[in-house]
Amino acid sequence: MHDIRLIRDNPEGFDAALAKRGLAPMSSQILAIDESRRAKITAAETALADRNAASKQVGAAKAKGDEAEFERLRALVADKKAEIATLEEEAKAEDLRLQDLLATIPNLPHDDVPLGADENDNVELRKWGTPKSFDFKPKEHFELAAVQGGMDFEMAAKLSGSRFVVMSGAVARVHRALAQFMIDTHTSENGLTEVNTPVLVRDDAMMGTGQLPKFAEDSYQTTNGWWLIPTSEVTLTNLAAGEMMDEASLPRRYTAHSLCFRSEAGSAGRDTSGMLRQHQFEKVEMVSVTRPEDSLSELDRMTKCAEGILERLELPYRTVVLCTGDIGFGARKTHDIEVWLPGQDTYREISSCSVCGDFQARRMNARFKRTGEKKPEFVHTLNGSGLAVGRCLIAVLENGQQEDGSVRLPEALHPWLGGKTMITADGVMA
RNA sequence: GGAGACGUGGCCGAGUGGUCGAAGGCGCUCCCCUGCUAAGGGAGUAGACGGGUUGAACCGUCUCGAGGGUUCGAAUCCCUUCGUCUCCGCCA
C-alpha cells in the first residue's frame with residue numbers, strides 16, 4: 001500500500017519508479033481520484049460542521065424556551081442531514097475507489113536495484129563454493145538409486161494428483177533433519193525466535209502481506225473462506241498487524257518451519273519431474289520487523305543467515321539481486337540465493353530474501369513509537385526463506401551423489417541424523 | 001453444532017442519552033525534591049483524515065470492534081455483522 005501523500009508530493013518520481021518495473025504511469029489517475037475524494041470530504045465536513053453548530057444551538061433554544069427558534073433550528077438540522085448523507089456517501093465511494101486502486105499497485109523498487117526487464121537482467125552479487133566435478137554424469141535427485149524407494153510420485157498421484165510426493169525411509173528422515181537443522185541454527189546461532197503458526201488464515205492476513213487482492217488464484221481457499229498460507233511469511237509478518245510496538249522491541253526476528261501451499265497456477269509444464277515444484281512443501285521462513293533506517297542492513301543480515309545454511313551444508317550457491325522487472329509485488333529489493341544442482345547442471349532458486357519497506361506495514365497497520373516521540377511510524381518488514389526444505393533436500397542428494405547411486409550426507413547434518421552419514425544405493429541410512 | 005457473556009486510548013479499566021475524546025491506574029516523557037538498599041511531588045501523554053503551514057502552531061471532521069438505524073443529540077438504545085471468551089456437545 002502506498003502513501004498517497006508521497007504520490008501527491010512527487011507524482012513524477014512515482015511514475016518513474018513504476019516504469020522501472022515495466023508499468024505504465026498511474027499517478028494522474030490516482031491523483032484525479034484523490035482530488036475528487038478530498039473535495040467530497042471537505043464538502044461533507046463543512047456540512048457536518050454546520051449541522052453540529054446548529055445542533056448545539058438547538059439545545060440552547062430549548063433551554064431558553066424559545067419554541068420558534070427551536071423549531072427553526074430543528075428544521076435546519078433535518079435539512080442538513082439529507083445533504084450530509086449524500087456528500088458522505090460520495091466521499092466514501094471515492095475513498096474506496098482510491099484504496100482499491102492503491103491495493104493493486106506493487107511496491108516501488110529501491111534506488112539501488114538494477115534496472116531490467118526479467119530474470120535475465122538479475123545481477124550476480126557473489127558465488128560461494130565450486131560445483132563438484134563428477135567422474136560420471138550426475139543424475140537428478142529422482143533418478144538416484146538411493147532415492148528410488150523413498151520418493152514415490154505415483155503413490156502421491158494416487159492420493160492427491162500431480163505435484164505431490166510421498167517420502168519414506170531415509171529420504172523422509174533427511175528431509176526432516178534438514179528442517180530441524182535449519183531451525184536450530186537460526187535460533188541458536190542467528191538469534192531468531194522460533195514460532196509455530198497456523199497455516200489457515202483469514203482474508204486480512206493475506207491482504208496484509210499482499211497475496212490479496214491480486215493473487216488469489218495462486219493460493220488455495222477452504223470452503224469456509226480460510227486461505228492456506230503459500231508461505232509462513234504471511235503469518236509471521238502478520239504477527240505485527242495492528243500492533244503498536246516500542247522502539248526498544250525492534251528489531252523482531254522470527255523463524256518458522258511450516259507447510260506451504262501453492263496452486264502453481266500458470267506454471268503448467270514447468271519442473272514437472274521430481275519434487276522441485278510442489279503444491280505442498282515445507283519451508284523454514286525468516287521474518288524481520290525493523291525500524292525504517294535498519295531495514296536495508298537487515299536484508300544483508302537475513303541473506304547471510306540463509307547463505308550460512310548452505311555453507312554449512314557444503315552446497316555451492318550464488319546470490320543475485322533481482323532486477324526491477326523481476327522483483328515481487330511487495331518487495332523493494334530482493335536477493336535470490338540459487339543452489340547448485342549437478343543433475344540439472346545449473347543454479348536453482350532455494351531462497352528469496354526481500355525488504356518490503358513500509359509497504360506491508362501500511363497494509364496491516366503495524367507501527368512503532370520512537371522512545372520519547374509521540375508520532376507513531378510504520379515499521380519496515382522483511383522476509384526470506386531460510387531455506388526451502390524440499391529444494392534443499394534435492395540439493396543435498398544431488399551434490400552428495402556417488403557413482404554407485406549412494407549419497408554422502410554433509411557433515412553438519414550428521415548430528416540431526418543420529419550420527420548416520422549416508423544413504424546407501426539400497427536407500428538405507430548408514 | 002447448542003447456550004451465554006464480552007469487544008473503550010500503548011496497556012488495564014470506569015462510564016447506560018447531552019456538560020465524554022472519554023474518570024482512575026499502569027507505562028512513557030519532562031520538571032522538582034531527596035540521596036542509599038530507591039522512593040516521593042508536579043505537569044504532559046490517543047489515532048486517522050481534511051484544511052493550513054510546509055517536517056510547527058492552528059482550525060475542522062471522524063473514531064469507544066465494524067456497518068446501519070432511532071434521536072435535535074449515542075460509547076451509552078435498536079438491528080446486522082465480525083471477533084474474543086466461558087459452558088455444553090463432538091473430535092484429535
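Just so we're on the same page: letters track the sequence lines, and every chain starts at 1.
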In whole angstroms, the gap separating P of A56(B) from CD of E373(A) amounts to 13 Å

Of G51(B), G83(B), G47(B), the nucleotide closest to the side chain of R202(A) is G83(B)

Looking only at G83(B), C49(B), G47(B), the nucleotide nearest the R367(A) side chain is G47(B)

Assert: residue with more 5' nearest nucleotide on RNA chain B, out of I4(A) and T46(A), is I4(A)

Taken to the nearest whole Å, CE/M245(A) to P/C28(B) is 19 Å

Inset, instruction - State whether a side-chain donor-acceptor pair under 3.5 Å links S219(A) with Q211(A). - result: no

From CD of E94(A) across to P of G50(B) the rounded distance in Å is 14 Å

Exercise. Determine whether the side chains of E307(A) and T319(A) contain a donor N or O and an acceptor N or O closer than 3.5 Å.
Key: yes

Separation of U54(B) atom P from R5(A) atom CZ, nearest Å, is 17 Å

task = Would you kindly say whether Q360(A) and T381(A) are connected by a side-chain donor-acceptor distance under 3.5 Å?
result = yes

Review point. Considering only the C1' atoms, how many Å lie between A39(B) and A46(B), rounded to the nearest integer?
Key: 30 Å

The answer to which of K369(A) and D34(A) contacts RNA chain B further toward the 5' end, by nearest nucleotide, is K369(A)

For RNA chain B, consecutive-pair runs of 3 or more (Watson-Crick or G-U wobble, both H-bond-type distances under 3.5 Å) give B:1-7 with B:82-88, B:10-12 with B:24-26, B:27-32 with B:40-45, B:46-51 with B:58-63, B:65-69 with B:77-81

Atom CE of M244(A) and atom C1' of A46(B) are separated, to the nearest Å, by 8 Å

Out of G50(B), U84(B), U45(B), minimum distance to the side chain of K374(A) belongs to U45(B)

From CG of D95(A) across to C1' of A48(B) the rounded distance in Å is 11 Å

Euclidean distance for C1', C6(B) against G65(B) (whole angstrom): 11 Å

Rounded to whole Å, CD of E45(A) lies from C1' of G60(B) at a distance of 6 Å

Given the options E298(A), R252(A), R301(A), S288(A) meets side chain to side chain donor-acceptor pair (under 3.5 Å) only with E298(A)

### Message
When you compare the side chains of N383(A) and S354(A), does any donor N or O come within less than 3.5 Å of an acceptor on the partner?
### Response
no

**Message:** With rounding to the closest Å, how many angstrom separate the P atoms on G47(B) and U53(B)?
**Reply:** 24 Å

Under 4.0 angstrom, heavy atoms only, what part of the nucleic acid is K40(A) near: base, sugar-phosphate, or nothing?
-> nothing

Nearest-angstrom distance, C1' atom, C77(B) to G17(B) | 8 Å

Exercise. Taking atom types as modelled, find out whether H279(A) and E264(A) have a side-chain donor-acceptor pair closer than 3.5 angstrom.
Key: no

Counting the atoms with a prime plus P, OP1 and OP2 as sugar-phosphate, which does R362(A) contact under 4.0 Å by heavy atoms, base, sugar-phosphate, or nothing? nothing

Would you say D9(A) has more than 12 foreign heavy atoms packed within less than 6.0 Å of its CG?
yes

Does the ring centre of H380(A) sit less than 6.0 Å away from the ring centre of F359(A)?
no

I'd like the P distance from U70(B) over to C11(B), given in whole Å. 33 Å

For A56(B) and G41(B), measure between their C1' atoms and round to the nearest Å. 32 Å

What's the gap between U63(B) and A75(B) when it is taken at their C1' atoms, as a whole Å value? 11 Å

Per atom distances to the K92(A) side chain, the nearest of G47(B), C49(B), G68(B) is G68(B)

- Item | Within 6.0 angstrom of R408(A) CZ, more than 12 heavy atoms from elsewhere | no

R370(A) atom CZ is separated from G27(B) atom P, nearest whole Å, by 24 Å

Whole-angstrom distance between G9(B) and G44(B), as gauged at atom C1': 15 Å

R38(A) has its side chain closest, among G51(B), G47(B), U84(B), to G51(B)

